[in-house]
Amino acid sequence: MFQKARRAQAQSVRKRLVAHISAGGTTDLASSVMRLPAHCYTDPARWAAERQTLFDGVPLIACLAQDIPHPGDRIVFEVADHAVLVLRDEKGQVRAFRNRCAHRAARLVGSGGDPDLRRGQRIVCPFHGWSYDLSGRLVNIPGRAGFDPETLENCRLLPVVAAEQDGVVFVRMRGNEPLDLPMHLGSFAPVLATLELTAMVPVQASRLDARTNWKIAIDTYAESYHFGVLHARSIGNAYISNVAAFDDHGAHWVLTFAERALADLVGTSEQEWPEARHVGTYFIFPNTVLVAGDIGPSERFVRMFRIFPGDTPGEMVCLFSVYISGLSVENYKAKFGTIDDSKSDVTLEDYEVAEGIWSNLATKDEGPDLIVGRNEPAVQAFHRAVMDVVGLPI
Ligand code: FES
Ligand SMILES: [Fe+2]
């Protein structure tokens, strides 16, 4: 339905990229250079405020729709201090609950284990067998005589606010007021719709724990300036470094990197150009990068990277997932070399640098400010949004 819109968008971004290439390798620029003191990454109080404001108070992507396609399907979304059970109820609505039994607080569903425990009309606690329906109501208790009815009356799963939009399932850890996703997404909402994530089927998920700050990790996804140097032996060959189109949507943004093949279009007439193919890097504030693209007329992929703070300012977790539509896993692997982004050369290169940055910043003498160039507008936009929402300017 949105293929035309994606193609039109790809066509207009391609024009901008070809113009940059023909100008000798320019790129979309921020209005000025940004300086970031090291304490923006290392200060424990700032980190705690970010964790609380952004990861408890802002909608986070828990999964995509096809992770829980049928009523009764469920996943566990574990992040920072929270473990949330996300499921689809009988009516097809998304619901979320703390992954915690009302009896003696056992985890209801483990993150791995028996897939049968991740579907069905009941959620059965693996400890003593209390069971709940998909609305979180307690419906069965072995040994009921051990409990008085007044106690049981108030026992149910603790709800967590959840909602779905355009194939993306969001949860918010704190508060009861419903999610206002149109407000959260702002001008990014129509962009999200064009990605048609509703039909994307999950085919891979993995996790990487790294000794760096969560924002340092996100910075590495937000520019192509480093491609030719750091990724010289991986994706550096496929892209022209430091040539990118940047589109700002408040706290969210879109980056399109210049594939090398675009250089062949310089000096040719637009009428001769082959049909544009959509691919872009999308940031959904505060922590999710989606690389989404069309491979063929009905073959699409999405690679999702969700970055979370770990237990200290110098620890983080990235959840990697791949979704495809109209494409086999084999064809995906043939195109991208691997399906597990947590083990790819690009990831290892990025995270090695990110860990090195952290060890340089986390010294007693925090040293001079970090410099974020005008050619790194998405990095700047990310830090500005974090500071705005948390309410802690530099
Ligand atoms: S803790 Fe769940 S049934 Fe006992
Ligand atoms: Fe990178």
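One-based numbering, in listed order, for ligands and for the atoms of each.
Residues D73 and R88 are not paired through a salt bridge, judged by the lack of any N-O separation under 4.0 Å between the basic side chain and the carboxylate.
Of all protein N/O/S atoms, those under 2.8 Å from the Fe ion (ligand 2) are H226 NE2, H231 NE2, D350 OD1, D350 OD2, and waters are not counted.
Checking side-chain atoms of T53 against main-chain N and O of E50 turns up no donor-acceptor pair under 3.5 Å. Side chain of D369 to backbone of R35: no donor-acceptor contact under 3.5 angstrom is found.
Grouping Ile, Leu, Val, Met, Phe, Trp and Tyr by side-chain contacts under 4.5 Å, direct or through others, leaves Y225 on its own.
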What verdict does the ring pair (Phe, Tyr, Trp, His ring centres under 6.0 Å) test give for F336 and F301, after you've listed the backbone C-alpha separation in whole Å, the side-chain angles of each residue and the deciding distance to 0.1 Å?
CA-CA 11 Å; F336 293 99; F301 72 91; 4.7 Å; yes
Evaluate the salt bridge (charged side-chain N to carboxylate O under 4.0 Å, His left out) criterion for residues D294 and R7: first the C-alpha distance (whole Å), next the side-chain angles of each, then the deciding distance (0.1 Å), finally the verdict.
CA-CA 9 Å; D294 290 355; R7 216 177 273 153; over 6 Å; no
Which pairs of donor and acceptor atoms, one on a side chain in residues 199-210, lie under 3.5 Å apart (sequence neighbours left out)?
unit_1 : atom_1 : unit_2 : atom_2 : d
Q204   : NE2    : S206   : OG     : 2.9
Q204   : NE2    : D340   : OD1    : 3.2
S206   : OG     : D340   : OD1    : 2.7
S206   : OG     : S342   : OG     : 3.3
R207   : NE     : D209   : OD1    : 2.9
R207   : NH2    : D209   : OD2    : 2.8

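Remark: of the listed residues F382, W47, F305, F308, F382 is the sole one forming a ring pair (Phe, Tyr, Trp, His ring centres under 6.0 Å) with W214.
Side chains of T27 and H20: no donor on one and acceptor on the other come within 3.5 Å.
With waters neither drawn nor counted, the protein N/O/S atoms under 2.8 Å from atom 4 (Fe) of ligand 1 amount to 2.
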